[in-house]
Number of protein chains: 2
Amino acid sequence: MAPKTAVYTDRLRKAGLRPTRQRVALAQLLFGRGDRHVTAEGLHEEAAASGVTVSLATIYNTMHQFTRAGLLRDVTVDGARTYFDTNIGDHHHFYCEDDGTLMDIDGAAIAVAGVPTPPHGAKVDRVDVIVRLKRR
Amino acid sequence: MAPKTAVYTDRLRKAGLRPTRQRVALAQLLFGRGDRHVTAEGLHEEAAASGVTVSLATIYNTMHQFTRAGLLRDVTVDGARTYFDTNIGDHHHFYCEDDGTLMDIDGAAIAVAGVPTPPHGAKVDRVDVIVRLKRR
DNA sequence: ATTCTTCCTTAGAATGATTCTAAACTGTTG
DNA sequence: CAACAGTTTAGAATCATTCTAAGGAAGAAT
């Protein structure tokens, strides 16, 4: 059966991104199997494992472009590495400091009340809630 | 008038840290003037400006020790650099992505409801709310 | 199809924050 | 004040990420 690259080719075009071999392959890896949290290095290894040749520089370029295009979201919890999240819906995160695990928390579950008015000239871009976990 | 280094010497001792010349000087810089958000590089420059000789390695060591001792708190919002916050009370942050500015939001102002039960074996260490701002 | 133009990819160097190393130093205790 | 454990430090080392310059590929025009 044919690989459904058409789906991704399409999604990329709609996002204003030229559907190159690399981008389609990465889109397939990223979006082909549900919500995921991925690092650049991680995706690079995955690509290699599935026989796709992509340089690390391209991984970074692509992830940022996807993020800018709204296909991906970056999650900053650690400082050391940047995580990218394929779940672009309203949600928050559990972060386990001990092993670096990230888990989604549905946006509907958590309510944040009382966010003050931002300083004038600025508007709220988004509100991130990070629930930091420790081993008991 | 005499510099009140005794206050800091004391605070360090109580935290189980030997009050060395460098630590006292840094504590003075950090805690001497209200709540602040500082980077390692920033504190290093400040120290140099006020005539204190401290290596960058010591700045990092000290900030981490202070953090472990509960005198300081680290704030991860950016990925590129780590901010340290002298406000260790219950609070959250505004973060302006355009210029890297951090501002405190009093903990009493914001209410977070509905945090799910953590996966078993883990407990909630703390909940961070980051309100990301963009220029309007 | 071929050409042209523009956008992409890439290897490798460069950057920048942070950490490590090993040696010299200093606070504390006896 | 001697001795030890804890500290500081310069400089090298690491690591994720970005930059650079050059060759390659997609889309439009011919």
Side-chain angles (χ1 to χ4, degrees), chain A residues 5-6 8-27 29 37-48 51-69 71-72 74-84 97 100 102, chain B residues 5-6 8-27 29 37-48 51-69 71-72 74-84 97 100 102:
Chain A
T5 125
Y8 302 109
T9 300
D10 229 56
R11 198 178 326 184
L12 291 176
R13 277 227 178 74
K14 275 172 190 153
L17 295 168
R18 204 185 269 186
T20 64
R21 182 175 66 61
Q22 293 82 336
R23 284 181 186 161
V24 174
L26 293 179
L29 286 173
H37 301 106
V38 184
T39 62
E41 197 60 57
L43 185 57
H44 192 221
E45 283 164 14
E46 247 184 80
V52 184
T53 301
V54 195
S55 75
L56 196 50
T58 297
I59 301 267
Y60 278 106
N61 288 340
T62 303
M63 288 180 122
H64 287 143
Q65 288 152 355
F66 282 15
T67 301
R68 244 177 282 126
L71 303 176
L72 220 50
D74 49 28
V75 184
T76 304
V77 284
D78 181 60
R81 43 168 90 298
T82 301
Y83 291 84
F84 291 87
E97 325 228 57
L102 261 182
Chain B
T5 125
Y8 302 109
T9 300
D10 230 56
R11 201 181 319 186
L12 290 175
R13 277 228 178 73
K14 276 173 190 153
L17 295 168
R18 205 186 269 184
T20 64
R21 190 189 101 253
Q22 293 84 335
R23 284 182 188 159
V24 174
L26 293 178
L29 285 173
H37 301 108
V38 183
T39 62
E41 197 60 58
L43 185 58
H44 191 221
E45 283 163 14
E46 248 183 79
V52 184
T53 299
V54 194
S55 76
L56 196 50
T58 297
I59 301 268
Y60 278 106
N61 289 340
T62 304
M63 289 181 122
H64 288 143
Q65 289 152 354
F66 281 16
T67 301
R68 243 177 284 125
L71 302 176
L72 218 50
D74 49 26
V75 184
T76 303
V77 285
D78 179 59
R81 43 168 93 293
T82 300
Y83 291 84
F84 291 87
E97 324 230 54
L102 261 182

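Computed from heavy atoms alone, side chains included, the values below leave out hydrogens, waters and symmetry copies. Bear in mind that the values here come from a model prediction, so they are computed numbers and not experimental data. Protein chains get the first letters and strands the later ones, always in sequence-line order, with residue 1 at the start of each.
Atom CG of B:D78 and atom P of D:dT18 are 11 Å apart (whole Å). The separation between B:L56 atom CG and D:dA13 atom C1' is 15 Å, rounded to whole Å. Taking atom OH on A:Y83 and atom P on D:dT17, their separation rounds to 10 Å, with Å as the unit.
With sequence neighbours left out, A:D10 forms a salt bridge (Lys or Arg N to Asp or Glu O under 4.0 Å) with A:K14. Checked against ring pair (Phe, Tyr, Trp, His ring centres under 6.0 Å), A:H44 has no partners two or more places apart in sequence or in another chain. For B:A25, the side chain to side chain contact (heavy atoms under 4.5 Å, CB included) test picks out B:V52, with sequence neighbours left out. For the salt bridge (Lys or Arg N to Asp or Glu O under 4.0 Å) test, residues two or more places apart in sequence or in another chain that qualify with A:E46 are A:R36. B:T58 meets the side chain to side chain donor-acceptor pair (under 3.5 Å) test with B:S55; sequence neighbours excluded. By the ring pair (Phe, Tyr, Trp, His ring centres under 6.0 Å) test, A:F84 pairs with A:H64, sequence neighbours left out.
Residue-level contact check: B:T39 touches neither bases nor backbone, having no heavy atom under 4.0 Å from any strand. Within the nucleic acid shown, B:H44 has no heavy atom closer than 4.0 Å to any nucleic acid atom.
At least one donor-acceptor pair closer than 3.5 Å links the side chain of B:R21 to the backbone N or O of B:T53.
Of the two residues near DNA chain C, B:Y60 and B:P19, the one whose nearest nucleotide lies more 5' is B:Y60.
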Could you list the donor-acceptor pairs under 3.5 angstrom formed between side-chain atoms of residues 75-83 of chain A and any protein atom two or more places apart in sequence or on another chain?
from  : atom 1 : to     : atom 2 : distance (Å)
A:D78 : OD1    : A:Y95  : OH     : 3.2
A:D78 : OD2    : A:A80  : N      : 3.2
A:D78 : OD2    : A:R81  : N      : 3.4
A:Y83 : OH     : A:G100 : O      : 3.0

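Chain B approaches DNA chain C over the interval C:dA17 to C:dT28, counting the first and last nucleotide 5' to 3' with an atom under 4.0 Å from its heavy atoms.
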Handout entry: Nucleic acid footprint by protein, nucleotides 1-8 of chain D - heavy-atom cut-off 4.0 Å, B for base, S for sugar-phosphate alone
Key = ----BBSS

